[in-house]
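This report refers to the structure that appears directly beneath it.
Both counts, for ligands and for their atoms, begin at 1 and track the order of listing.
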Amino acid sequence: MILINGAELAEEILQEIRQEVEILVANGKRRPHLAAVLVGNNPASLSYVTNKVKSCETAGFRSSLIKRDENCTEQELISLIEELNNDPEIDGFIVQLPLPRHIDADNILLKIDPKKDVDGFHPLNFGRMAQGLPAFLPATPSGILQMLERYKIETDGKHCVVIGRSNIVGNPMSILMARKAYPGNCTVTIVHSRTSNLKDLVKQADIIIAAIGIPKFVTSDMVKEGAIVIDVGINRVADASTKSGFRLVGDVDFEHVAPKASFITPVPKGVGPMTVCALMINTLKSAKSEIY
Ligand code: BQF
(Lines give C-alpha, C1' and ligand atoms only; values in the text may rest on other atoms or scores of the structure.)
Protein backbone atom coordinates (compact mmCIF):
# COMPACT_ATOMS: atom_id res chain seq x y z
CA MET A 1 0.00 0.00 0.00
CA ILE A 2 1.32 3.44 -0.93
CA LEU A 3 0.07 6.36 1.14
CA ILE A 4 -0.40 9.43 -1.05
CA ASN A 5 0.96 12.46 0.78
CA GLY A 6 -1.16 15.35 -0.48
CA ALA A 7 0.30 17.89 1.92
CA GLU A 8 3.87 17.15 0.82
CA LEU A 9 2.98 17.08 -2.88
CA ALA A 10 1.06 20.36 -2.63
CA GLU A 11 4.04 22.01 -0.92
CA GLU A 12 6.36 20.75 -3.66
CA ILE A 13 4.10 22.15 -6.40
CA LEU A 14 3.75 25.48 -4.57
CA GLN A 15 7.55 25.77 -4.51
CA GLU A 16 7.65 25.12 -8.26
CA ILE A 17 5.03 27.84 -8.76
CA ARG A 18 7.05 30.21 -6.59
CA GLN A 19 10.14 29.72 -8.75
CA GLU A 20 8.10 30.47 -11.87
CA VAL A 21 6.55 33.55 -10.23
CA GLU A 22 9.94 34.97 -9.28
CA ILE A 23 11.04 34.63 -12.92
CA LEU A 24 7.86 36.40 -14.12
CA VAL A 25 8.40 39.23 -11.65
CA ALA A 26 12.10 39.50 -12.55
CA ASN A 27 10.95 39.92 -16.16
CA GLY A 28 8.78 42.88 -15.21
CA LYS A 29 5.41 41.10 -15.00
CA ARG A 30 2.92 41.91 -12.26
CA ARG A 31 2.90 39.42 -9.35
CA PRO A 32 -0.11 37.02 -9.68
CA HIS A 33 -2.93 38.23 -7.45
CA LEU A 34 -5.76 36.12 -6.01
CA ALA A 35 -8.67 37.68 -4.13
CA ALA A 36 -11.00 35.74 -1.85
CA VAL A 37 -14.40 36.87 -0.68
CA LEU A 38 -15.50 35.56 2.72
CA VAL A 39 -19.08 36.19 3.82
CA GLY A 40 -20.13 35.62 7.41
CA ASN A 41 -18.44 33.52 10.05
CA ASN A 42 -18.87 29.88 9.15
CA PRO A 43 -15.81 28.31 10.84
CA ALA A 44 -15.17 25.89 7.95
CA SER A 45 -15.25 28.73 5.40
CA LEU A 46 -12.85 30.73 7.55
CA SER A 47 -10.45 27.80 7.81
CA TYR A 48 -10.51 27.14 4.04
CA VAL A 49 -9.91 30.77 3.15
CA THR A 50 -7.04 30.97 5.66
CA ASN A 51 -5.42 27.95 3.96
CA LYS A 52 -5.70 29.76 0.63
CA VAL A 53 -4.11 32.98 1.89
CA LYS A 54 -1.21 30.95 3.32
CA SER A 55 -0.75 29.07 0.05
CA CYS A 56 -0.63 32.39 -1.82
CA GLU A 57 2.26 33.44 0.41
CA THR A 58 4.09 30.18 -0.26
CA ALA A 59 3.51 30.50 -4.01
CA GLY A 60 4.75 34.10 -4.04
CA PHE A 61 1.34 35.50 -4.99
CA ARG A 62 -0.30 38.66 -3.77
CA SER A 63 -3.59 37.92 -2.00
CA SER A 64 -6.53 40.00 -0.84
CA LEU A 65 -9.06 38.71 1.67
CA ILE A 66 -12.32 40.63 1.43
CA LYS A 67 -14.68 40.06 4.35
CA ARG A 68 -18.38 40.81 4.42
CA ASP A 69 -20.82 40.60 7.31
CA GLU A 70 -23.07 37.53 7.74
CA ASN A 71 -26.13 39.63 6.78
CA CYS A 72 -24.61 41.01 3.57
CA THR A 73 -27.29 40.92 0.86
CA GLU A 74 -27.07 39.05 -2.41
CA GLN A 75 -27.14 42.39 -4.26
CA GLU A 76 -24.22 43.78 -2.20
CA LEU A 77 -22.25 40.64 -2.96
CA ILE A 78 -23.00 40.96 -6.68
CA SER A 79 -21.76 44.59 -6.64
CA LEU A 80 -18.53 43.44 -5.02
CA ILE A 81 -18.11 40.72 -7.67
CA GLU A 82 -18.58 43.31 -10.42
CA GLU A 83 -15.82 45.44 -8.88
CA LEU A 84 -13.49 42.45 -8.80
CA ASN A 85 -14.40 41.50 -12.38
CA ASN A 86 -13.32 44.99 -13.46
CA ASP A 87 -10.21 45.32 -11.29
CA PRO A 88 -7.20 44.97 -13.62
CA GLU A 89 -4.94 44.25 -10.62
CA ILE A 90 -6.71 40.95 -9.86
CA ASP A 91 -6.00 37.83 -11.92
CA GLY A 92 -8.63 35.67 -10.29
CA PHE A 93 -10.97 35.53 -7.33
CA ILE A 94 -13.13 33.11 -5.43
CA VAL A 95 -16.26 33.45 -3.36
CA GLN A 96 -15.64 31.10 -0.44
CA LEU A 97 -18.29 28.41 0.05
CA PRO A 98 -20.39 27.59 1.96
CA LEU A 99 -22.24 30.93 1.84
CA PRO A 100 -24.89 32.00 4.37
CA ARG A 101 -28.22 30.33 3.59
CA HIS A 102 -30.02 33.50 2.45
CA ILE A 103 -27.61 33.83 -0.49
CA ASP A 104 -28.16 31.72 -3.63
CA ALA A 105 -24.66 30.44 -4.43
CA ASP A 106 -25.56 29.37 -7.99
CA ASN A 107 -26.76 32.89 -8.79
CA ILE A 108 -23.57 34.41 -7.32
CA LEU A 109 -21.27 32.13 -9.31
CA LEU A 110 -23.00 33.21 -12.54
CA LYS A 111 -21.85 36.80 -11.93
CA ILE A 112 -18.15 35.94 -11.81
CA ASP A 113 -16.33 36.75 -15.05
CA PRO A 114 -15.34 33.29 -16.41
CA LYS A 115 -11.89 34.71 -17.15
CA LYS A 116 -11.36 35.29 -13.42
CA ASP A 117 -13.24 32.20 -12.24
CA VAL A 118 -10.21 30.35 -10.86
CA ASP A 119 -12.49 27.97 -8.92
CA GLY A 120 -13.89 26.80 -12.27
CA PHE A 121 -17.47 26.92 -10.96
CA HIS A 122 -19.02 29.14 -13.67
CA PRO A 123 -21.20 27.16 -16.11
CA LEU A 124 -19.06 28.43 -19.00
CA ASN A 125 -15.94 26.85 -17.48
CA PHE A 126 -17.88 23.68 -16.67
CA GLY A 127 -19.16 23.46 -20.24
CA ARG A 128 -15.72 24.11 -21.72
CA MET A 129 -14.23 21.45 -19.44
CA ALA A 130 -16.93 18.97 -20.51
CA GLN A 131 -16.11 19.61 -24.16
CA GLY A 132 -12.36 19.33 -23.61
CA LEU A 133 -11.74 23.02 -24.37
CA PRO A 134 -9.24 25.10 -22.37
CA ALA A 135 -10.99 25.95 -19.08
CA PHE A 136 -10.34 26.63 -15.43
CA LEU A 137 -10.87 23.17 -13.93
CA PRO A 138 -12.71 22.88 -10.61
CA ALA A 139 -10.10 22.76 -7.86
CA THR A 140 -10.80 19.41 -6.20
CA PRO A 141 -11.01 17.31 -9.38
CA SER A 142 -7.99 19.15 -10.77
CA GLY A 143 -6.01 18.50 -7.57
CA ILE A 144 -6.88 14.79 -7.80
CA LEU A 145 -5.66 14.64 -11.43
CA GLN A 146 -2.38 16.26 -10.31
CA MET A 147 -2.04 13.63 -7.60
CA LEU A 148 -2.62 10.72 -10.00
CA GLU A 149 -0.12 12.19 -12.45
CA ARG A 150 2.62 12.96 -9.94
CA TYR A 151 2.34 9.47 -8.42
CA LYS A 152 2.43 8.03 -11.99
CA ILE A 153 -0.77 6.08 -11.37
CA GLU A 154 -1.98 4.26 -14.50
CA THR A 155 -5.60 5.09 -15.34
CA ASP A 156 -5.97 3.95 -18.97
CA GLY A 157 -8.77 1.40 -19.39
CA LYS A 158 -9.50 1.24 -15.67
CA HIS A 159 -12.94 1.21 -14.08
CA CYS A 160 -13.35 4.36 -11.99
CA VAL A 161 -16.31 4.58 -9.63
CA VAL A 162 -17.13 8.09 -8.43
CA ILE A 163 -19.30 8.18 -5.31
CA GLY A 164 -21.31 11.42 -5.24
CA ARG A 165 -22.63 13.72 -7.98
CA SER A 166 -22.09 17.29 -6.72
CA ASN A 167 -21.38 20.09 -9.20
CA ILE A 168 -18.02 20.83 -7.57
CA VAL A 169 -16.62 17.30 -7.23
CA GLY A 170 -18.47 14.14 -8.33
CA ASN A 171 -20.00 15.39 -11.56
CA PRO A 172 -16.87 17.11 -13.00
CA MET A 173 -14.60 14.32 -11.69
CA SER A 174 -16.57 11.73 -13.65
CA ILE A 175 -16.21 13.80 -16.84
CA LEU A 176 -12.46 14.29 -16.35
CA MET A 177 -11.76 10.61 -15.63
CA ALA A 178 -13.61 9.58 -18.81
CA ARG A 179 -11.88 12.04 -21.11
CA LYS A 180 -9.36 11.02 -23.74
CA ALA A 181 -6.26 12.06 -21.82
CA TYR A 182 -3.88 11.11 -19.06
CA PRO A 183 -5.03 10.93 -16.32
CA GLY A 184 -8.30 9.74 -17.84
CA ASN A 185 -9.38 7.11 -20.37
CA CYS A 186 -11.34 5.39 -17.63
CA THR A 187 -14.66 3.61 -17.83
CA VAL A 188 -16.60 5.69 -15.32
CA THR A 189 -19.56 4.82 -13.12
CA ILE A 190 -21.21 7.44 -10.91
CA VAL A 191 -23.04 6.16 -7.87
CA HIS A 192 -25.10 8.23 -5.43
CA SER A 193 -27.78 8.13 -2.75
CA ARG A 194 -30.37 6.62 -5.14
CA THR A 195 -28.14 3.90 -6.57
CA SER A 196 -29.67 0.50 -5.80
CA ASN A 197 -26.60 -1.75 -6.01
CA LEU A 198 -24.00 0.74 -4.80
CA LYS A 199 -21.86 -1.75 -2.87
CA ASP A 200 -21.60 -4.15 -5.83
CA LEU A 201 -20.58 -1.35 -8.17
CA VAL A 202 -17.93 0.09 -5.83
CA LYS A 203 -16.53 -3.41 -5.34
CA GLN A 204 -15.87 -3.57 -9.12
CA ALA A 205 -13.80 -0.37 -9.09
CA ASP A 206 -10.09 -0.19 -9.91
CA ILE A 207 -10.22 3.46 -8.82
CA ILE A 208 -12.64 4.70 -6.14
CA ILE A 209 -13.23 8.43 -5.73
CA ALA A 210 -15.32 8.96 -2.61
CA ALA A 211 -17.11 12.33 -2.47
CA ILE A 212 -20.41 11.64 -0.74
CA GLY A 213 -19.89 13.54 2.52
CA ILE A 214 -20.65 10.68 4.91
CA PRO A 215 -17.93 9.75 7.43
CA LYS A 216 -16.41 6.26 6.80
CA PHE A 217 -19.03 5.46 4.14
CA VAL A 218 -16.63 3.26 2.14
CA THR A 219 -15.97 0.13 4.19
CA SER A 220 -13.44 -2.64 3.45
CA ASP A 221 -16.11 -5.06 2.17
CA MET A 222 -16.81 -2.59 -0.70
CA VAL A 223 -13.19 -2.43 -1.87
CA LYS A 224 -11.46 -4.75 -4.34
CA GLU A 225 -7.95 -5.93 -3.46
CA GLY A 226 -5.42 -3.53 -5.06
CA ALA A 227 -7.88 -0.67 -5.68
CA ILE A 228 -6.74 2.95 -5.79
CA VAL A 229 -8.73 4.88 -3.17
CA ILE A 230 -9.11 8.67 -3.31
CA ASP A 231 -10.94 10.13 -0.30
CA VAL A 232 -12.49 13.57 -0.88
CA GLY A 233 -14.50 13.62 2.37
CA ILE A 234 -13.82 16.35 4.90
CA ASN A 235 -16.31 15.59 7.65
CA ARG A 236 -16.06 17.32 11.01
CA VAL A 237 -16.70 14.79 13.76
CA ALA A 238 -16.96 15.86 17.42
CA ASP A 239 -13.85 14.90 19.41
CA ALA A 240 -13.46 16.26 22.94
CA SER A 241 -9.77 15.21 23.05
CA THR A 242 -8.74 17.80 20.42
CA LYS A 243 -8.13 21.54 20.87
CA SER A 244 -10.83 22.47 18.35
CA GLY A 245 -13.35 19.95 19.71
CA PHE A 246 -13.54 18.10 16.37
CA ARG A 247 -11.44 16.06 14.01
CA LEU A 248 -11.60 15.54 10.26
CA VAL A 249 -12.83 12.17 9.05
CA GLY A 250 -12.93 11.08 5.41
CA ASP A 251 -15.63 9.25 3.47
CA VAL A 252 -13.45 6.12 3.69
CA ASP A 253 -12.95 3.84 6.67
CA PHE A 254 -9.20 4.33 6.29
CA GLU A 255 -8.05 1.91 8.98
CA HIS A 256 -9.79 -1.10 7.41
CA VAL A 257 -9.59 -0.07 3.73
CA ALA A 258 -5.88 0.89 3.60
CA PRO A 259 -4.55 -2.72 3.85
CA LYS A 260 -6.50 -3.65 0.68
CA ALA A 261 -5.56 -0.57 -1.36
CA SER A 262 -2.60 -0.18 -3.74
CA PHE A 263 -2.71 3.62 -3.25
CA ILE A 264 -4.80 5.55 -0.74
CA THR A 265 -5.16 9.19 0.32
CA PRO A 266 -5.43 10.07 4.04
CA VAL A 267 -7.71 12.67 5.65
CA PRO A 268 -6.40 15.19 6.60
CA LYS A 269 -3.36 15.92 4.36
CA GLY A 270 -4.67 14.07 1.32
CA VAL A 271 -6.98 15.64 -1.26
CA GLY A 272 -7.59 18.83 0.82
CA PRO A 273 -4.15 20.44 0.34
CA MET A 274 -4.24 19.45 -3.36
CA THR A 275 -7.55 21.32 -3.77
CA VAL A 276 -5.92 24.49 -2.48
CA CYS A 277 -2.85 23.85 -4.64
CA ALA A 278 -5.02 23.46 -7.76
CA LEU A 279 -6.50 26.89 -7.07
CA MET A 280 -2.97 28.32 -7.11
CA ILE A 281 -2.26 26.54 -10.41
CA ASN A 282 -5.38 28.14 -11.90
CA THR A 283 -4.38 31.57 -10.59
CA LEU A 284 -0.95 31.29 -12.20
CA LYS A 285 -2.61 30.21 -15.47
CA SER A 286 -4.89 33.23 -15.29
CA ALA A 287 -1.94 35.57 -14.68
CA LYS A 288 -0.20 34.04 -17.72
CA SER A 289 -3.42 34.24 -19.81
CA GLU A 290 -3.13 30.51 -20.53
CA ILE A 291 -6.86 29.76 -20.66
CA TYR A 292 -8.46 32.88 -22.15
C1 BQF B 1 -6.53 18.73 4.88
C2 BQF B 1 -14.23 22.57 0.87
C3 BQF B 1 -16.32 21.41 1.20
C4 BQF B 1 -17.02 22.56 0.89
C5 BQF B 1 -16.36 23.72 0.54
C6 BQF B 1 -6.42 20.91 3.67
C7 BQF B 1 -8.43 22.06 3.03
C8 BQF B 1 -9.17 21.09 3.66
C9 BQF B 1 -8.55 20.02 4.28
C10 BQF B 1 -9.10 23.19 2.34
C11 BQF B 1 -12.77 22.65 0.88
C12 BQF B 1 -11.94 21.48 1.25
C13 BQF B 1 -12.15 23.85 0.59
C14 BQF B 1 -7.18 19.93 4.28
C15 BQF B 1 -10.66 24.05 0.66
C16 BQF B 1 -10.46 21.66 0.92
O17 BQF B 1 -5.34 18.79 5.26
O18 BQF B 1 -7.17 17.69 4.90
C19 BQF B 1 -7.04 21.98 3.05
O20 BQF B 1 -8.80 24.32 2.67
N21 BQF B 1 -10.01 22.96 1.34
C22 BQF B 1 -12.98 24.97 0.24
O23 BQF B 1 -12.48 26.05 -0.05
O24 BQF B 1 -14.31 24.84 0.21
C25 BQF B 1 -14.97 23.72 0.54
C26 BQF B 1 -14.93 21.41 1.20
Side-chain angles (χ1 to χ4, degrees), residues 3-14 34-59 61 63-67 92-101 103 105-106 108-109 112 117-122 136-147 162-173 209-217 229-237 239 242-244 246-252 254 264-283:
L3 184 68
I4 298 180
N5 189 335
E8 184 185 79
L9 177 57
E11 186 61 30
E12 200 176 300
I13 295 171
L14 291 177
L34 174 71
V37 178
L38 176 65
V39 185
N41 34 37
N42 179 302
S45 294
L46 182 59
S47 134
Y48 299 148
V49 91
T50 304
N51 291 338
K52 291 169 189 178
V53 169
K54 281 190 194 144
S55 289
C56 280
E57 278 167 29
T58 309
F61 294 173
S63 70
S64 299
L65 176 54
I66 302 158
K67 294 183 179 175
F93 66 96
I94 63 147
V95 178
Q96 183 60 54
L97 303 180
L99 284 166
R101 267 171 308 148
I103 295 172
D106 289 333
I108 291 297
L109 298 176
I112 299 175
D117 172 37
V118 285
D119 255 342
F121 291 165
H122 191 286
F136 289 117
L137 300 182
T140 299
S142 168
I144 292 170
L145 294 184
Q146 280 288 333
M147 221 171 207
V162 178
I163 312 175
R165 52 181 161 181
S166 73
N167 277 336
I168 61 174
V169 185
N171 185 357
M173 195 74 234
I209 300 178
I212 194 168
I214 302 174
K216 301 188 184 182
F217 180 82
V229 181
I230 308 293
D231 190 351
V232 184
I234 304 195
N235 307 291
R236 290 188 166 199
V237 170
D239 184 345
T242 67
K243 246 193 322 207
S244 56
F246 69 87
R247 75 198 144 85
L248 295 182
V249 176
D251 291 350
V252 174
F254 183 89
I264 189 165
T265 64
V267 176
K269 298 187 187 327
V271 171
M274 290 304 295
T275 295
V276 179
C277 179
L279 174 67
M280 303 301 137
I281 293 174
N282 279 348
T283 304

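Counting all heavy atoms, side chain and backbone alike, V252 lies closest to D231 at N-OD2, 3.2 Å. The two residues A10 and P273 come nearest to each other via the heavy atoms CB-O, 3.6 Å. Of all non-hydrogen atoms in Q146 and L9, the two that sit nearest each other are O-CD2, 4.5 Å. A139 approaches L279 most closely through the heavy-atom pair CB-N, 4.3 Å.
Each of the atoms 7 (C), 10 (C), 19 (C), 20 (O) of ligand 1 lies under 4.0 Å from some heavy atom of N51. Near K52, with a cut-off below 4.0 Å to any heavy atom, the atoms of ligand 1 are 22 (C), 23 (O). Proximity to Q96 (heavy-atom distance under 4.0 Å) selects the following atoms of ligand 1: 22 (C), 23 (O), 24 (O). Close contacts between ligand 1 and K269 involve ligand atoms 1 (C), 17 (O), 18 (O) [criterion: under 4.0 Å to a heavy atom]. Proximity to I234 (heavy-atom distance under 4.0 Å) selects the following atoms of ligand 1: 8 (C), 9 (C), 12 (C), 16 (C). Atom numbering of ligand 1 starts at 1 in the shown order; those under 4.0 Å from a heavy atom of P273 are 1 (C), 6 (C), 14 (C), 17 (O), 19 (C).
Nearest protein neighbour of atom 13 (C) of ligand 1, counting heavy atoms only, is Y48 CG, 3.4 Å. Ranking protein heavy atoms by distance to atom 14 (C) of ligand 1, first place goes to G272 CA, 3.7 Å.
Under the side-chain contact (heavy atoms from CB on, under 4.5 Å) test applied with M173, the options L145, T140, I230 reduce to a single match, L145.
Contact between V267 and ligand 1 is absent, with no heavy atom of the residue lying under 4.0 Å from the ligand.
Open room surrounds NZ on K216; 12 or fewer heavy atoms of other groups in view lie less than 6.0 Å from it.
Checked by atom type and distance alone, the side chain of D119 never pairs as donor or acceptor with a backbone atom of I94 at under 3.5 Å.
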